[in-house]
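Notes to accompany the following structure.
Chain A is the first sequence line, chain B the second, and so forth, proteins listed ahead of strands; every chain is numbered from 1. Since this is a predicted model, take the numbers as computed values, not measurements.
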2 protein chains.
Amino acid sequence: MANIQQIAQEAGVSVATVSRVLNNATSVTQKTRLKVKRAINELNYEPSMLGRNLRKSESRLILVLLPSISNPFYNEIINGIQNSSIANNYNILLCETDSKPERENIYFNMVKNKLADGVISMDPTVNMQKLNELAKNHPVILCSEYEEGGTIPYVTIDSELAAYQAVKHLIRLGNEKIALISSDEKFLYARLRRAGYERALKEFQLPIRDEWIYHTKELEFQNGVQAMRMLLQLEEKPTAVFAVSDTLAIGALKALKAESELPNPIAVVGFDNISFSNMTYPTLTTISQPMYKMGYLAVDMLMNSMKDEKVESIVLDHELIIRDSTMW
Amino acid sequence: MANIQQIAQEAGVSVATVSRVLNNATSVTQKTRLKVKRAINELNYEPSMLGRNLRKSESRLILVLLPSISNPFYNEIINGIQNSSIANNYNILLCETDSKPERENIYFNMVKNKLADGVISMDPTVNMQKLNELAKNHPVILCSEYEEGGTIPYVTIDSELAAYQAVKHLIRLGNEKIALISSDEKFLYARLRRAGYERALKEFQLPIRDEWIYHTKELEFQNGVQAMRMLLQLEEKPTAVFAVSDTLAIGALKALKAESELPNPIAVVGFDNISFSNMTYPTLTTISQPMYKMGYLAVDMLMNSMKDEKVESIVLDHELIIRDSTMW
DNA sequence: CTGAAAGCGCTAACAA
DNA sequence: TTGTTAGCGCTTTCAG
């Protein structure tokens, strides 16, 4: 691989001039520019980012932190992040932490090491203390999951309100016994969605019963299956279920189908509107988050943060998508 | 952010000694080592990868090329790649090309620019000519999709055999009119799976009818829905369907459910065993690929390739997973 | 065992 | 307009 020296030599100019051509500086005559370009082509030269980055101490790479790409919820967000990044001449480094602190550390170090210029975290399991520490010296934006009262700017939706509306929809359909399938309440979104669930029930003076609230360890389909099975074993079964994620809701639907002799169908509402949610039987009623937009805006915010501008957090609108799982 | 200079100064040693401590060189006395460590802690120092990488001219980053992370097929493979990379002290750069050549170019340049040390491509839409060009000077491994008769090492499964077995299973169940839902035949896997489909039909002297072979533009659920709808409109309808991917098969199942008055159920077999394939109704019979292993091995192969060792291509075993969609 | 110094590939300030 | 040169942060050779 040729370097800038060799190009300079080949073209009979200095390295500075080559650099100027590379960076489209105006102060180069057409003639020298051509000489240099010819040399570049001849030697099949590609400038080394390594050298450039070291010199400018920037990498034009954005680190995107997420727990696992197997959760389809992140797909569209990443799409938005990707497109917005490219528009800003950045690339993204997708980093799965798998909720493992060691991995998180590796990625945080990459930022400290200047291998990435900023971070967008979508990881609810992230170590907030360390992230706050990092945010002191590096641009960081939270996407979807955030810290209440924290200092890091975020883009998200109003989970409490969305959950409230989802449950209210179930109530309007005549359900009085409504269960909640939630994940670990160490996550803010789980606490908020539970709060929305409870607010709706209280407003209609419906019972909030502990046995109708099930907490799963993870967000896999299987966790939803298991949760629904438990709910179906109760003496007094719920007539409807609100799950805090589509993956859980889809698992719940599966468990319901397996149960052949139910007197009345149990209504199910999910959260996220992942692409599968339209492929289940019955199709899933769910809350749709503006995922693409969320990702896109997160990058915008990060760019502003890099310019040391003041960045305001953003709360986006959601939408209730009514499908068959609440009307079968 | 402190640099190595400042640590040297603080510890009262030379930068060389600091570097030695950083790299666990043996030739440093306990006493100096401690002095240096103390300075490192005091100043909260993190060595810059940028400097190190430039010096060693390596980035310890692997570029992973895939068309889109929204296809769940890649999830487990990536998991394998990730774990294997970390075990080898590398990190991965997940790059979605979205089948766009511009993006591909950006990523190829990162490799040429020494921002990544090697490439694992899982992208069937990749520009093979450019990839071959890149492979002359950089380590490249193909994962899943590969080039017949090409020079780049690959890890994959025997798609033709798997398809043959899938279709044979349908034949054994008594089906004689078997349709194929495939994607674009510019992709090798589509050609191979079609070949397996035809081999099985021929072996049992069953008709291969063009109208029973449907090619979709993409691999989204919706493409499967549409394909199945077309097949259901035929005068002579197939009694079974083999789809070259689970996403297509799941869409097909959806279209079947929508069709209420079918005299006999139509059997469906998919390909990939994505996690959702167990959540559909009916659950999907499919070919399971050893995805995790495939990803893991791809990294091993890349590591060997980096050491300039000769790397042999690998063909892994698959498995037919029989579920409800072939016995309802 | 430790230090001085060269150099990885590039950019940018300064000089010409 | 172009060239010279310092230096980004680190590793490594060679001397001591």
Checklist entry - Which one, dT11(C), dT2(D), dG9(C), comes nearest to the side chain of Leu54(A)? => result dG9(C)

Checklist entry - DNA chain C: Gly51(B) or Ala16(B), which has the more 5' nearest nucleotide? => result Ala16(B)

Next on the checklist: Can you measure Arg33(B) atom CZ to dT2(C) atom P for me and round it to whole angstrom units?
Outcome noted: 9 Å

Next on the checklist: I want to verify a distance call: between dG7(D), dT2(C), dA6(C), whose nearest atom is closest to the Arg55(B) side chain?
Outcome noted: dA6(C)

Item to check | Per Ser48(B) side chain, nearest of listed nucleotides dG9(C), dG9(D), dG3(C) | outcome: dG9(D)

Checklist entry - Looking only at heavy atoms, what is the nearest atom pair of Asn75(B) and Ser70(A), with distance? => result OD1-CA, 3.3 Å

Checklist entry - What are the two closest heavy atoms between Met301(B) and Pro153(B), and how far apart are they? => result CE-CB, 3.9 Å

Next on the checklist: With a cut-off of less than 4.0 Å, is there a side-chain N or O of Ser19(A) near OP1 or OP2 of dA12(C)?
Outcome noted: no

Checklist entry - Any side-chain N or O of Arg52(B) less than 4.0 Å from the OP1 or OP2 oxygen of dT11(D)? => result yes

Item to check | For atom NZ of Lys31(B) and atom P of dT2(C), their distance in whole Å | outcome: 9 Å

Next on the checklist: Just the rounded figure in Å: distance from C1' of dG9(D) to NZ of Lys112(A).
Outcome noted: 18 Å

Checklist entry - Atom NZ of Lys114(A) and atom C1' of dG9(D): how far apart are they, to the nearest Å? => result 12 Å

Checklist entry - Are there more than 12 heavy atoms of other residues, nucleotides or ligands under 6.0 Å from atom CD of Glu46(B)? => result yes

Checklist entry - Is the distance from OP1 or OP2 of dC8(D) to the nearest side-chain N or O of Ser57(A) less than 4.0 Å? => result no

Checklist outcome for this item: Regarding the side chain of Ser27(B), the nearest nucleotide among dT4(D), dG9(C), dT2(C) is dT2(C)

Checklist entry - Can you tell me how far C1' of dC8(C) sits from CD1 of Ile4(A), to the nearest Å? => result 13 Å

Next on the checklist: If I take atom CG in residue Asn113(B) and atom C1' in nucleotide dC8(C), what distance separates them, rounded to the nearest angstrom?
Outcome noted: 15 Å

Item to check | Minimum heavy-atom distance between Ala11(B) and Lys35(B), given as atom pair plus value | outcome: O-CD, 3.7 Å

Checklist entry - So does Arg20(B) reach the base of dG3(C) with its side chain, donor to acceptor, closer than 3.5 Å? => result yes

Checklist outcome for this item: Asn109(A) atom CG is separated from dC10(D) atom P, nearest whole Å, by 13 Å

Next on the checklist: Would you say Asn53(A) places a side-chain N or O within less than 4.0 Å of OP1 or OP2 belonging to dC10(C)?
Outcome noted: no

Item to check | Pair Asp117(B) + Arg60(B), salt bridge at N-O below 4.0 Å | outcome: no

Next on the checklist: In this structure, how many angstroms lie between the C1' atom of dC10(D) and the CG atom of Asn23(B), rounded?
Outcome noted: 9 Å

Checklist entry - In terms of side-chain heavy atoms of Thr29(B), which of dT2(D), dG3(C), dC1(C) is nearest? => result dC1(C)

Item to check | Among dT11(D), dT1(D), dG3(D), the nucleotide that comes nearest once only the side chain of Val13(A) is considered | outcome: dG3(D)

